[in-house]
Amino acid sequence: MSRRRFELTDYEWSIIEPLLPQKSRGVPRVDDRRVLNGILWRFRTGSPWADVPERYGSYTTCYNRFVRWRKAGVWDHLLKEISKGYDGDLIMIDGSCVRVHQHGATAKKGEDDGCMGRSRGGLTTKIHALVDAEGRPVRLELTAGQTHDSQPALAMLEAMREGTILLADKAYDSDAIRQLAENKKAWANIPPKSNRRKSFAFSKFLYRYRNLVERFFNKLKQFRGIATRYDKNPENFLAAVKLASVRIWMKNL
């Protein structure tokens, strides 16, 4: 009997099932749980879609369902609903680069970069994550690998609540981010850059908890289809990151 250690547990399925689209009229939809397990298998192993085991049905069904639900916003909806109960007292933000595989690096000259760029690691994509005090993702974004961490931060940090403590490294030490935190009545516990003339309150004790965002990236990159980017379409890759994040959330509920 083949191992099925990447499949949804009954508990995880009980959380996800009510959040999926209701079955429409007409031809019955292929079993959602089986197809979703096939999608998870693909990203957990990093295998091509054509290698999805037959026990999950046709691989084209898995791929088409993944893309169709991405376009319909299903994966966004899952993460939004499951992350509603995040701990807003302490949040952390950071970015992590992943290597783009040659199968995903197909952008032609003059086309959009597809969130791929040159950095020290070669052709890379950067995943930006905002996580809560339990290391669970609240916001996720993609940029090209060479993009500075602070660029997508302002939009992501709109999730800050009053009284929140924000932990981030020196890359996020900007007047705009500190002003946003002040406007939201939050505290940006960020170490100031060496060229800063003005001093800011900073707690080294609290800063130690920033490793939670790094732990999140470690968990995320256990999905080999995310640790290396094989998807040409950045929207598909971001959807995979969100689906994996939903799995991480469910393991911490």
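In what follows, every heavy atom counts, from backbone to side chain, and hydrogens, waters and symmetry copies are set aside.
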J.: Evaluate the criterion side chain to side chain contact (heavy atoms under 4.5 Å, CB included) for residue pair His77 and Trp69; output intermediate values, then yes/no.
T.: CA-CA 10 Å; His77 176 67; Trp69 279 5; over 6 Å; no

J.: As an exercise, state the distance from CZ of Arg229 to OG1 of Thr125, rounded to the nearest 0.5 Å.
T.: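 These two atoms lie 4.0 Å from each other.
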
J.: Contact between Phe200 and Asn189 at the side-chain level, heavy atoms closer than 4.5 Å - yes or no?
T.: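 Phe200 vs Asn189: side chains apart.
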
J.: Apply side chain to side chain contact (heavy atoms under 4.5 Å, CB included) to the pair Glu134 and Asn252, showing each step before the final yes or no.
T.: CA-CA 8 Å; Glu134 301 294 329; Asn252 285 275; 5.6 Å; no

J.: Side chains of Leu243 and Leu36: closer than 4.5 Å at any heavy-atom pair?
T.: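 They are in side-chain contact.
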
J.: Quick one: does any side-chain atom of Trp249 pair with a main-chain N or O of Pro137 as donor and acceptor, under 3.5 Å?
T.: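 Yes; judged by distance alone, with no hydrogens or angles, the pair exists.
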
J.: When you group the ILVMFWY residues by side-chain heavy-atom contacts below 4.5 Å and let the links chain together, are Tyr207 and Val213 in the same group?
T.: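 No, no single cluster joins them.
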
J.: To check you understand the geometry: which heavy-atom pair defines the closest contact between Pro21 and Val74, and what is its length?
T.: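 Looks like CG-CG2, 3.6 Å.
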
J.: As a quick check of understanding, evaluate salt bridge (Lys or Arg N to Asp or Glu O under 4.0 Å) for Asp175 and Arg196, giving each step before the final call.
T.: CA-CA 11 Å; Asp175 292 338; Arg196 276 281 192 184; 2.7 Å; yes

J.: Which value, rounded to the nearest 0.5 Å, describes the distance between Asp31 atom CG and Arg29 atom CZ?
T.: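 Reported value, rounded in 0.5 Å steps: 9.5 Å.
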
J.: Do Ser47 and Tyr59 pass the side chain to side chain contact (heavy atoms under 4.5 Å, CB included) test, and can you show the C-alpha distance, the side-chain angles, and the key distance before you say yes or no?
T.: CA-CA 11 Å; Ser47 301; Tyr59 77 87; over 6 Å; no

J.: What I want to find out is whether Arg65 reaches Asp32 closely enough, with some N-O distance under 4.0 Å, to be called a salt bridge.
T.: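 Looking at Arg65 and Asp32, the cut-off is met.
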
J.: Do we see a donor-acceptor contact under 3.5 Å between the side chains of Gln179 and Asn183?
T.: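 Their side chains do contain a donor-acceptor pair, which is all the 3.5 Å distance test asks for.
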
J.: Taking NZ, NE, NH1 and NH2 as the nitrogens, is one of them in Asp231 or Arg42 under 4.0 Å from a carboxylate oxygen of the other?
T.: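 Judged by the 4.0 Å cut-off on N to carboxylate O distance, Asp231 and Arg42 do form a salt bridge.
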
J.: Working to the nearest 0.5 angstrom, can you tell me the gap between Leu157 CG and Leu130 CG?
T.: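 Leu157 atom CG to Leu130 atom CG measures 6.0 Å (nearest 0.5 Å).
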
J.: Can you establish whether the number of heavy atoms outside Arg224 located under 6.0 Å from its atom CZ is more than 12?
T.: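 It does not: Arg224 CZ has 12 such atoms or fewer within range.
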
J.: Is it the case that over 12 heavy atoms from other parts of the model lie below 6.0 angstrom from the NZ atom of Lys193?
T.: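 Yes, the 6.0 Å shell around NZ holds more than 12 heavy atoms from other groups.
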
J.: Check this for me, if you would: do Arg33 and Glu17 make a salt bridge, where the nitrogen-to-carboxylate-oxygen distance has to be below 4.0 angstrom?
T.: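 Looking at Glu17 together with Arg33, the answer is no, because their closest N to O distance does not fall below 4.0 Å.
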
J.: Of the non-hydrogen atoms in Gly88 and Thr164, which two are nearest, and what is the gap between them?
T.: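 That would be O-OG1, 2.6 Å.
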
J.: So, the side chain of Arg139 versus the backbone of Ile93: is there a donor-acceptor pair under 3.5 Å, distance only?
T.: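 Not a single qualifying donor-acceptor pair exists.
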
J.: Considering only heavy atoms from C-beta outward, does the side chain of Ile177 approach that of Ser150 to under 4.5 Å?
T.: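 A side-chain contact exists here, since the closest heavy-atom pair is under 4.5 Å.
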
J.: For Val98 and Lys221, run side chain to side chain contact (heavy atoms under 4.5 Å, CB included): C-alpha distance rounded to whole Å, both residues' side-chain angles, the deciding distance at 0.1 Å, then the answer.
T.: CA-CA 9 Å; Val98 297; Lys221 290 182 180 181; 3.7 Å; yes

J.: Hey, could you give me the OG/CD1 distance between Ser245 and Ile82, rounded to the nearest 0.5 Å?
T.: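 Result: 10.5 Å between the selected atoms.
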
J.: Using ring centroids (six-membered ring only for Trp), state whether Phe43 and Trp49 fall under 6.0 Å.
T.: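 Ring-ring flag for Trp49/Phe43: true, centres closer than 6.0 Å.
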
J.: Quick check: is Met92 connected to Phe202 through a chain of hydrophobic side chains (ILVMFWY, heavy atoms under 4.5 Å apart)?
T.: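 Each belongs to a different hydrophobic cluster.
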
J.: Does the ring center of His101 lie less than 6.0 Å from the ring center of Tyr230?
T.: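 Ring-ring flag for His101/Tyr230: true, centres closer than 6.0 Å.
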
J.: Tell me, do Gln222 and Arg44 make a side-chain contact under 4.5 Å, heavy atoms counted?
T.: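 Yes; the side chains approach each other to less than 4.5 Å.
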
J.: Of the non-hydrogen atoms in Cys115 and Leu142, which two are nearest, and what is the gap between them?
T.: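 What the structure gives for the nearest pair is SG-O, 3.8 Å.
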
J.: Above 12 or not: heavy atoms from other molecules or residues under 6.0 Å from OH of Tyr63?
T.: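 Incorrect, the count does not exceed 12.
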
J.: Say you draw a straight line from CZ of Phe223 to OG1 of Thr228; how long is it, rounded to the nearest 0.5 Å?
T.: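 That separation rounds to 14.5 Å.
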
J.: Do Met116 and Phe237 have side chains that get closer than 4.5 Å, going by heavy atoms?
T.: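 Of all side-chain heavy-atom pairs linking Phe237 with Met116, none is under 4.5 Å.
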
J.: Run the salt-bridge test on Glu158 and Lys184 with the 4.0 Å N-O cut-off and return the result as yes or no.
T.: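 A salt bridge links Glu158 with Lys184.
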
J.: Is there a side-chain contact between Leu79 and Trp75, using heavy atoms and a 4.5 Å cut-off?
T.: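 Contact flag for Leu79/Trp75 side chains = no.
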
J.: Between Leu167 and Leu212, is any pair of side-chain heavy atoms under 4.5 Å apart?
T.: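 No, too far: nothing below the 4.5 Å cut-off.
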
J.: Find the distance between CD (Glu141) and NE2 (His128) and round it off to the nearest 0.5 Å.
T.: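 Those atoms lie 8.5 Å apart.
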
J.: State plainly whether the residues Arg178 and Asp173 are in salt-bridge range, i.e. N to O under 4.0 Å.
T.: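 Yes, Arg178 and Asp173 are salt-bridged.
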
J.: Which heavy-atom pair separates Arg34 from Tyr56 by the least distance, and what is that distance?
T.: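 Shortest heavy-atom separation between Arg34 and Tyr56 comes out as O-CD2, 3.5 Å.
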
J.: Find out whether Arg210 and Asp94 are in side-chain contact, i.e. whether some heavy atom of one side chain is under 4.5 Å from a heavy atom of the other.
T.: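 When only atoms from C-beta onward are counted, Asp94 and Arg210 do touch, with a gap below 4.5 Å.
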
J.: Could you tell me which non-hydrogen atom of Phe66 sits nearest to which non-hydrogen atom of Asn236, and how far apart they are?
T.: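 Closest approach of Phe66 to Asn236, heavy atoms only: CZ-O, 3.3 Å.
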
J.: Restricting to non-hydrogen atoms, name the atom on Cys97 and the atom on Lys126 that form the minimum distance, rounded to 0.1 Å.
T.: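 What the structure gives for the nearest pair is SG-CE, 3.6 Å.
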
